[in-house]
Number of protein chains: 2
Amino acid sequence: MPAVTPLDAPQPKFKREPAEIRKEALISATLALVGERGVRGATVRAISERADVTQGLIRHYFRSKEDLILAAYDHHMTQMTEITAQADLPAKSPAQARLVAFVINGLKPPVATSTSVSIWASFLNKVREDTRMREIHQKTYFEFRDRFEGLIKDTYEEAGRVVSAAQLRRYAIACNAVLDGLWMEEGALPEAFSEGELPSIGLEAVGAILGLRLDKEELSQ
Amino acid sequence: MPAVTPLDAPQPKFKREPAEIRKEALISATLALVGERGVRGATVRAISERADVTQGLIRHYFRSKEDLILAAYDHHMTQMTEITAQADLPAKSPAQARLVAFVINGLKPPVATSTSVSIWASFLNKVREDTRMREIHQKTYFEFRDRFEGLIKDTYEEAGRVVSAAQLRRYAIACNAVLDGLWMEEGALPEAFSEGELPSIGLEAVGAILGLRLDKEELSQ
DNA sequence: CAAGTAATTATGCAATTGTATAATTAAGTG
DNA sequence: CACTTAATTATACAATTGCATAATTACTTG
C-alpha cells in the first residue's frame with residue numbers, strides 16, 4: 001500500500017527510533033542469526049541488515065560488537081529463566097504444582113528448541129576466554145538454579161519433610177543437571193524423541209531424585 | 001643437544017611423516033585450539049603452526065578445513081566415550097561396579113574439563129547447519145547412550161530385577177541427561193563445585209532414578 | 001646412483017571481517 | 001522558521017580468513 005505522502009514531500013530516508021527499541025532490535029537480530037548460523041554468521045553486516053539499519057549504527061549503540069554479543073547473551077539467558085519459571089497457575093497453587101510446571105516449561109518450546117540450545121552453545125565458547133561473558137554466565141546460571149532450589153525447598157516444606165541446606169543444594173544441582181541434560185538433547189537431536197517424551201522423563205527423574213511423586217496432571221487440578 | 005650431522009650435510013628442511021601421524025597431529029592441534037580459543041581460533045594458520053607444518057599441508061591431507069573439523073569432532077567424541085567406558089576393574093566385576101565406574105569417569109578429568117566441554121560446545125553450533133556434522137553427532141551420542149543403557153540393563157539383570165525395554169530406554173535417557181548436565185556444569189563453571197562433588201551427586205542421582213544404591217566404595221572392593 | 005613421485009613449503013589472492021571516520025538528515029527546541 | 005543535536009547512513013581501510021597454485025625437496029624404487 002502506498003505511503004500517504006504528497007509527491008513533493010520526499011519519503012524520509014530513515015526513521016529515528018528510541019534507543020531502547022533500536023538496541024532491542026539489534027539484540028533480537030543477533031540472537032536470530034546466532035541461532036541460525038552460529039556466531040560466525042552473526043557479522044555486523046548481517047545483524048544490521050536483519051535489524052534493517054546500516055552497520056554503522058551498531059557502533060553507535062554498542063561500544064563494540066563484543067558488547068552487543070554480551071547484551072544478547074544476557075538477554076537470552078534471562079529470558080529462558082523467566083519463561084521456565086513463569087507458572088500459569090491459579091494463585092495459592094501448591095508448591096509442588098509450581099515445581100512440576102517449572103520442569104515441564106524447561107523441557108518444551110520455546111525453551112527447549114534447537115535454536116535456543118544452539119544460541120547457548122555458541123556463546124559458551126566465549127565464556128572461557130572473556131571475563132565479562134563468564135560473569136553473565138555465572139549470574140544467569142545461579143539465577144536459574146536458585147529458583148529451582150527455592151521451589152524444591154517450598155515443596156518439601158509443604159509436605160512437612162525436613163532437608164538440610166547441604167542436601168538441598170545437592171538436590172538442586174542434580175535436578176538442574178537433569179533439566180540441562182534433557183534440554184540439550186532435545187535441542188541437539190530433536191528427532192530422537194517423541195512429542196512430550198522429555199517432559200515426562202524429566203518429571204520422573206526429578207521425582208525420583210527428590211523422592212516425590214510428580215505428575216503432569218497436577219497442573220490441571 | 002646438537003644433531004649428529006656433518007657440517008657439509010645440511011639439515012633437512014622438513015621430515016616426511018606417515019599420513020596417519022600427520023593427520024593425527026593436525027587433528028590434535030585443531031582440538032587444542034578449539035578448546036582454548038573456540039572455533040574462531042582454529043584457523044588454518046594457527047592449526048598448521050601448532051602442528052609444526054605449513055598451512056598448505058592441511059589441504060594436502062584434508063579436502064578442506066571443514067573436513068578437518070569433522071574428523072576432529074568425531075575423534076573427540078569417540079575418545080570421550082571410550083575414556084568414560086574404560087573401567088579399570090578386575091575381570092568378572094559385578095555390572096553395578098562397572099556402572100559406578102562409568103558415572104564417575106564421565107564426571108572427572110579428563111572427560112569433565114572445561115576444555116572438553118568447550119570443544120563440544122564449539123562443534124555443536126555446526127551440528128545444525130552441516131549434515132555430516134549432524135551424522136557424527138548422532139552416531140557418537142547414541143554410542144554413548146547405548147553403552148550406558150547396556151550397563152543399566154546388566155545391573156538390573158544381575159540384581160534379578162525386571163524392566164521393560166521401554167522403561168530401560170527412559171532410564172538411559174534420564175541417566176544420560178544427569179551425566180551430560182553435570183558434565184556441562186563442571187565444564188562451564190568449574191569453580192562452583194568442590195573436588196569430587198559432581199561424581200558424588202551423579203552417583204546419588206543415577207541411583208535414585210534407577211532405584212539402586214550406588215556407592216563409590218564399590219570400586220575398591 | 002639416477003629419476004620419479006609424493007610430501008612439504010612458499011607465495012599470492014579474493015573475500016570477508018570489525019572498526020574508524022566523515023557525510024547526511026530527521027527531529028526537537030527556542 | 002532557523003538552528004542545533006544526535007541518530008543514521010555512507011565510505012574506506014587494515015587485518016584476517018580459507019583456498020589455490022607453483023616451487024621445492026625428502027624419500028623410494030629400479
Side-chain angles (χ1 to χ4, degrees), chain A residues 3 5-6 8-27 29-30 33-34 37-72 122 125-126 129-130 132-133, chain B residues 3 5-6 8-27 29-30 33-34 36-72 122 125-126 129-130 133:
Chain A
T5 320
D8 54 331
Q11 295 246 29
K13 293 189 175 172
F14 57 86
K15 194 181 166 196
R16 296 187 144 180
E17 298 282 5
E20 280 315 303
I21 300 279
R22 275 280 131 89
K23 281 189 184 179
E24 201 184 302
L26 288 170
I27 287 175
T30 304
L33 283 166
V34 170
R37 310 181 212 166
V39 247
R40 294 184 320 164
T43 67
V44 289
R45 285 166 179 82
I47 293 168
S48 54
E49 184 184 5
R50 179 161 304 216
D52 225 48
V53 295
T54 52
Q55 53 167 327
L57 203 62
I58 288 179
R59 206 172 124 62
H60 189 256
Y61 284 111
F62 298 92
R63 285 186 64 189
S64 69
K65 187 199 168 189
E66 201 59 22
D67 278 27
L68 170 55
I69 294 285
L70 285 166
S122 298
N125 312 125
K126 310 203 163 195
E129 22 181 351
D130 189 334
R132 293 184 295 167
M133 209 76 184
Chain B
T5 321
D8 55 330
Q11 295 248 27
K13 293 188 175 174
F14 58 86
K15 195 183 168 195
R16 295 188 147 181
E17 298 281 7
E20 280 315 302
I21 299 281
R22 275 280 132 90
K23 281 189 183 178
E24 200 184 303
L26 289 170
I27 287 174
T30 304
L33 283 166
V34 170
E36 287 170 20
R37 309 182 211 165
V39 247
R40 295 183 319 163
T43 67
V44 289
R45 284 168 180 80
I47 294 169
S48 54
E49 184 185 5
R50 180 161 303 216
D52 225 50
V53 294
T54 52
Q55 52 168 323
L57 204 61
I58 289 179
R59 206 174 125 60
H60 189 256
Y61 284 112
F62 298 92
R63 286 187 61 191
S64 69
K65 187 198 167 189
E66 201 60 22
D67 278 27
L68 170 55
I69 294 285
L70 285 167
S122 298
N125 307 333
K126 310 203 163 195
E129 21 179 352
D130 189 335
M133 209 75 184

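All heavy atoms count here, side chains included; hydrogens, waters and symmetry mates do not. Residue numbering restarts at 1 for every chain, and letters A, B, ... go by the order of the sequence lines.
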**Request:** Evaluate whether atom CD of Glu49(A) has more than 12 neighbouring non-hydrogen atoms of other residues, nucleotides or ligands under 6.0 angstrom away.
**Result:** no
**Request:** Can you see which heavy atom on Ser122(A) is nearest to which on Gly38(A), and at what distance?
**Result:** OG-CA, 3.9 Å
**Asked** Does atom CD of Gln55(B) have more than 12 heavy-atom neighbours from other groups under 6.0 Å away?
**Response** yes
**Asked** Near DNA chain D, which residues from residues 59-69 of chain A have a heavy atom under 4.0 Å away?
**Response** His60(A), Tyr61(A)
**Message:** Check Glu36(B) with Arg50(B), please: is the shortest side-chain N to carboxylate O separation under 4.0 Å?
**Reply:** yes
**Request:** Take atom CD1 of Ile58(A) and atom P of dT21(C), then tell me their distance rounded to the nearest Å.
**Result:** 18 Å
**Request:** Grab the two heavy atoms, one from Thr43(A) and one from Lys65(A), that are nearest each other, plus how far apart they are.
**Result:** CA-NZ, 4.3 Å
**Prompt:** Do Lys126(B) and Val39(B) come within less than 4.5 Å of each other through their side chains, counting heavy atoms only?
**Reply:** yes
**Asked** So, for Ile27(B) and Ala72(B), which heavy atoms are closest and what is the spacing to 0.1 Å?
**Response** CG2-CA, 3.8 Å
**Heavy-atom closest pair, residues Ala46(B) and Gly41(B)** = CB-O, 3.6 Å
**Fill in**
Whole-Å distance, Glu20(B) CD to dA6(C) C1', equals 16 Å
**N-O pairing of Lys23(A) and Glu17(A) below 4.0 Å** = no
**Request:** Please assess Ile69(B) against Asp130(B) for the test side-chain contact (heavy atoms from CB on, under 4.5 Å), listing each intermediate value before the final yes or no.
**Result:** CA-CA 11 Å; Ile69(B) 294 285; Asp130(B) 189 335; over 6 Å; no
**Message:** Just the rounded figure in Å: distance from C1' of dT9(C) to CZ of Arg22(B).
**Reply:** 11 Å
**Item:** Protein proximity profile, nucleotides 24-30 of chain C - base contact B, sugar-phosphate-only contact S, no contact -, cut-off 4.0 Å on heavy atoms
**Value:** -BBS---
**Request:** Output the residues of residues 44-57 of chain B in contact with DNA chain C, where contact means a heavy atom of the residue under 4.0 Å from an atom of the strand; sort by number or write none.
**Result:** Arg45(B), Val53(B), Thr54(B), Gly56(B), Leu57(B)
